[in-house]
Amino acid sequence: MISFFTNKPLFKIAAAAMLVLPLGNAVAQTQPDAKMNVFVSGLMKKMTIDEKIGQLNLVTSGMAITGSVTNNGVDNGIAKGQIGGIFGLYGVENVRKAQDLAVKNSRLHIPLIFGLDVIHGHRTIFPIPLGMSATWDLDIIQRSAHIAAKEATAEGLNWVFSPMVDIARDARWGRISEGSGEDPWLGGKIAGAMVKGYQGTSLKNADAVMACVKHFALYGGAEAGREYNTVDMSRLQMYQDYLPPYRAAVDVGAGSIMSSFNTVDGIPSTGNKWLLTDLLRKQWGFKGFVVSDYTSLSEMSNHGLGDLPQVSALALKAGLDMDMVAEGFLNTLKKSLQQGKVTQAEIDLACRRVLEAKYKLGLFDNPYKSLNAENEKKDVFTEENRKAARLAAEHSFVLLKNANQILPLKKSGGTIAVVGPLADNKRDMLGTWVIAGEWQKSVSVLEGIKHVVGDNVKLVYAKGANITDDTEFMKRLNFGPGMVSLDSRSPDDMIEEAVKAAKKADIVVAVVGESQSMSGESSSRSDIDVPESQKNMLKALAKLGKPMVIVLFNGRPLTLTWENENAAAILDVWAPGTEAGNAIAEVLFGNYNPSGKLTTTFPRTVGQIPIYYNHKNTGRPYNDGPTKFKSNYLDISNDPLFPFGYGLSYTSFGYSDVKLSKTNLKGAETLTATVTVTNKGAYAGEEVVQLYISDPVASISRSVKELKDFKKLNLQAGEAKEVSFTITPEQLKFYNSQLKYDWEPGEFIIQIGTNSADTRSAKVQWKK
Ligand code: BGC
């Protein structure tokens, strides 16, 4: 038997546009059609119960390990029809061998589906999703997913475990890096763009992959930001704030969805009938299939729901179709059927949904659909893809501070000290989910700066600090080989070297923050400061009194109070991907004027978490005046350090008052709200103009404001443009206490501005 399922782990973080790709708005059709029904029914008539259960079994190949358990005997299992799909295996040769086993050696020749965690690019790595969301640019986001699909299919894949659409309000949670931040409406738009980018106009296209929306549901609500922790929230909050992005992905036709590790209303998602059947299928009309997360089926036992046979039966009955890695379905369902604990119809339904996915992907027509060694060579990691990744990265950076217009830096003359453990570093450029990305191919910040300034600026470099000096923390970060290491020099010597370099320079560029494994899965932190080793370096540099520009790497909001007080400028670059250094240099030296805006609130201190812009007013809101008996803290302001929607530019934008087409409306009338935005500075720039609406009186306590729309403008220096938003009652709707989605008449405050905390407003009365 061929055995190519090596146990050579590449690990999740081993570590790949855009321009002229057609971006159809139509999305792959996922409705079952009559031909498909006939085909699948015909096939199922020939299948034994074992073969049907086999289709529900998803195994990992051992090539890329993304959990703590792996499967054995995979090649044998494929030939015996015990495996429906494989994940973690890619490369035309590898995939062809596995597909051959299924198509040639199994009794019914049913092709396998091949999945992978392609999250922010496949070979060409784009910014982490939190960074991508900061672009507020749905075209860039959709194209990035399309490029990832093209690269993934070129390596034999047809299914990606993305987009992750979990709303998160807690920066301690490491997976905040993998989502689009805290806003449900924006999250929904991004989810839709990602699904469209992956699935294209037809799943049958050679460059389309089936999306897998995750983690259904509410995974980002983990208590205390601790990974895999309990989630418990009201239905109202679910519907209003956490479920919309999953729904948006389903609405544009996502082909599959992944159940989450957590409980929802006390029942693990993977076995939650209300979630997987009543809500997902009956209320939302989802027609695809549901896969569990990695062993989340067997983990239901740890949740206290019973032994493996029991939880497997429960999950099947709840609406789970495919079991990832746990082999609970494979090893228990037949017996449960004999014992009457599950029905034939339940097994058939799950099997049908998996076969339908393969049918929709065109795998029955051609199981080798995208297995083309030529494409594998020419379609991955192309110059064009890298350009797209660079463009996305440039748009994702958020300028948090820029005192005295210290940025952009001059491209000639003077000396710049480039310091910090992330400056001459390729490994940490890529971010969290980069299985097929190769960090060796990424561009470091120092390289990028040299590309832009050549010999025109003198550069002095010093590492200045370890990522961390804490050896216990280091051990936890090093779950892959060589991810974080200690320099042979002492911390003091390293700082001394950085200080020496800085003394020779006119400006210091300090490249600091989180390394790759500090955020992402299983990377919760209770302290979200810049690590102490790096902060010590920054403090020593600050004493020199030279202007210091911080280039900040982070997979989550960090607490930056000290940095904000002591640095002249802070450019937040998240983890920008393959083209990191080039994109950063383009922005630092003004070839691109930053336009990113935060999609997640930055707290002043970890004690303010959870902190988010669309909070409730409370009965004792604190605005200003006496503080006693108000909703506030004794020791810190309620305000975040940087609010949702915030981000500066090298220019500045002025907003006029909001003009409304009417102030009294009735029923389905339409309102137009207009502002004039003026570029008041010396640079051309882009501005994300944001529309928020408040509903101050309603039958339930509403959020103080909610994002409802945005427009991205490009303005030349001195130019002014009118921006209009069309508002209909649709945007006034919310879930009431009966979970009915509707709007209530009364006063609404229309707010337009540059971020959630800085808006101009006008009031309307809207009658039913
Ligand atoms: C993660 C998922 C991922 C899966 C497969 C799990 O641990 O939660 O996001 O898709 O592993 O790698």
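We're numbering straight along the sequence, starting at 1. Just follow the structure's listing: the first ligand is 1, and inside any ligand the first atom is 1. What you see is a predicted model, and the numbers here were worked out from it, not measured in a lab.
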- prompt: Ring centroid separation for Trp136 and Phe644, is it under 6.0 angstrom?
  reply: yes
Salt bridge or not between [X] and [Y]? Use side-chain N to carboxylate O under 4.0 Å.
| X | Y | value |
| --- | --- | --- |
| Arg281 | Asp321 | yes |
| Lys317 | Glu346 | yes |
| Lys475 | Glu472 | yes |
| Lys97 | Asp75 | no |
| Asp117 | Lys214 | yes |

What are the atoms of ligand 1, with element, lying closer than 4.0 Å to any heavy atom of [X]?
| X | result |
| --- | --- |
| Lys214 | 2 (C), 3 (C), 9 (O), 10 (O) |
| Asp117 | 3 (C), 5 (C), 10 (O), 12 (O) |
| Met258 | 10 (O) |
| Phe161 | 10 (O) |

query: Given that the side chain starts at C-beta and the backbone is N, CA, C, O, which of these parts of Glu227 lies under 4.0 Å from ligand 1, counting heavy atoms, or is it both or neither?
result: neither
- request: Please verify whether a non-hydrogen atom of Met164 lies at under 4.0 Å from ligand 1.
  value: no
Ligand 1 contact by His215, heavy-atom criterion under 4.0 angstrom: yes
task: Please determine if Glu521 has a nitrogen or oxygen closer than 3.5 Å to a nitrogen or oxygen of ligand 1.
output: yes
- request: Could you tell me whether Asp293 and ligand 1 have an N or O pair separated by under 3.5 Å?
  value: yes
